[in-house]
Amino acid sequence: MDYDENQIGGYSISEIRGYLEKNQEEYLNRFRQIDRKKKFNGAAAFFGPSWFAYRMMWIEGFLLWFISSVITLFASFIIYMLILANIIYTKESAGLLLFLLWIVKFLIIGKLADSIYWWKIKKRIDASHWEDGKKRSIIQKLANSVECKGASIWSAIVFFILLDFGDAVVGAIGIAMATVMAQI
């Protein structure tokens, strides 16, 4: 395979830089190595959906939050039922199980985040090459219009606050469902 220092995966470095706000060299190196060896992205693993929002990947961040919330809701429901059935005797055991679930999520997100980011940047570059007459969807227009500097940090903060509120609602639903099931 020929190596061209001006391209990554057939995409021009200058085009890629147009979609990278910060840590450009770091991400260019990560994208160069993505097929050979995936690096662990600690920021993505720790901040999860908020990291995706910061990188202007709204749909991916929301999907990650939704899937994570459903899995956590299901796991919380099962753990609560195990506590009611006296299979798990302490809250510490339940907390440990939820922490292990968080560790698995942390590792998966950390390993896959750069691949998802690279995929999204390629989609954005491809979208910028569309013919003038081709109609774009509302989501594509929104994704391409929110490329202003500084907006990503504030949008990530708002997104994070909304997700935290959503997590509280999901947790309350899980406890309510388990309580109802316990009374049946």
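For the single chain, residues carry numbers from 1 onward in sequence order.
- A donor-acceptor pair under 3.5 Å is absent between the side-chain atoms of Asn23 and the main chain of Glu26, judged by distance alone.
- Rounding to the nearest 0.5 angstrom, the gap separating the CG atom in Asp126 from the CD1 atom in Ile121 is 12.0 Å.
- Between Phe47 and Phe52, the distance from one ring center to the other does not fall under 6.0 angstrom.
- Taking the six-membered ring for Trp and thresholds of 30 and 60 degrees, Phe31 and Tyr27 have ring planes inclined between 30 and 60 degrees apart.
- Contact check for Met56 versus Arg124: side-chain heavy atoms found under the 4.5 Å cut-off.
- Heavy-atom contacts from other residues, nucleotides or ligands closer than 6.0 Å to CZ of Phe74 number 12 or fewer.
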Q: Show your reasoning for whether side-chain contact (heavy atoms from CB on, under 4.5 Å) applies to Asp114 and Phe40.
A: CA-CA 8 Å; Asp114 287 342; Phe40 185 80; over 6 Å; no
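- Here CG of Leu63 is found 12.0 Å from CE of Met57. Values are rounded to the nearest 0.5 Å.
- Considering every non-hydrogen atom in both Ala75 and Leu101, the closest pair reads CB-CD2, 3.8 Å.
- For the residue pair Ala44 and Ala113, the shortest heavy atom distance occurs at CB-CB, 3.3 Å.
- Using cut-offs of 30° and 60° for the angle between ring planes, the Phe62 and Phe66 rings count as parallel.
- Aromatic ring pairs are classed by plane angle as parallel below 30°, tilted from 30° to 60° and perpendicular above 60°; the pair Trp118 and Tyr11 is perpendicular.
- If you chain together hydrophobic residues whose side chains sit under 4.5 Å apart, Trp119 and Ile125 never meet in one group.
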Q: Quick one: do Leu20 and Tyr117 satisfy side-chain contact (heavy atoms from CB on, under 4.5 Å)? Show the steps, please.
A: CA-CA 10 Å; Leu20 296 172; Tyr117 192 28; 3.3 Å; yes
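- Put simply, CD on Glu15 and CD1 on Ile8 are 11.5 Å apart, with the number rounded to the nearest 0.5 Å.
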(Q) Ile109 vs Lys105, test: side-chain contact (heavy atoms from CB on, under 4.5 Å). Steps then yes/no. (A) CA-CA 6 Å; Ile109 292 170; Lys105 179 180 87 169; 3.6 Å; yes
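- A pairwise comparison of heavy atoms in Trp58 and Ala53 identifies CZ3-CB, 3.7 Å as the closest pair.
- Interatomic distance, Arg30 CZ to Ser115 OG, rounded to the nearest 0.5 Å: 10.5 Å.
- Rounding to the nearest 0.5 Å places CD1 of Ile16 at 6.0 Å from CG of Leu28.
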Q: Decide salt bridge (charged side-chain N to carboxylate O under 4.0 Å, His left out) for Arg17 and Glu25; before the verdict, give the C-alpha distance in whole Å, the side-chain angles of both, and the deciding distance to 0.1 Å.
A: CA-CA 9 Å; Arg17 282 183 190 277; Glu25 289 305 318; 2.4 Å; yes
Q: Could you check Trp51 against Asn41 for side-chain contact (heavy atoms from CB on, under 4.5 Å), going step by step and ending with a plain yes or no?
A: CA-CA 10 Å; Trp51 179 86; Asn41 190 325; 3.4 Å; yes
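- Atom CG of Leu107 and atom CG of Leu112 lie 10.5 Å apart (nearest 0.5 Å).
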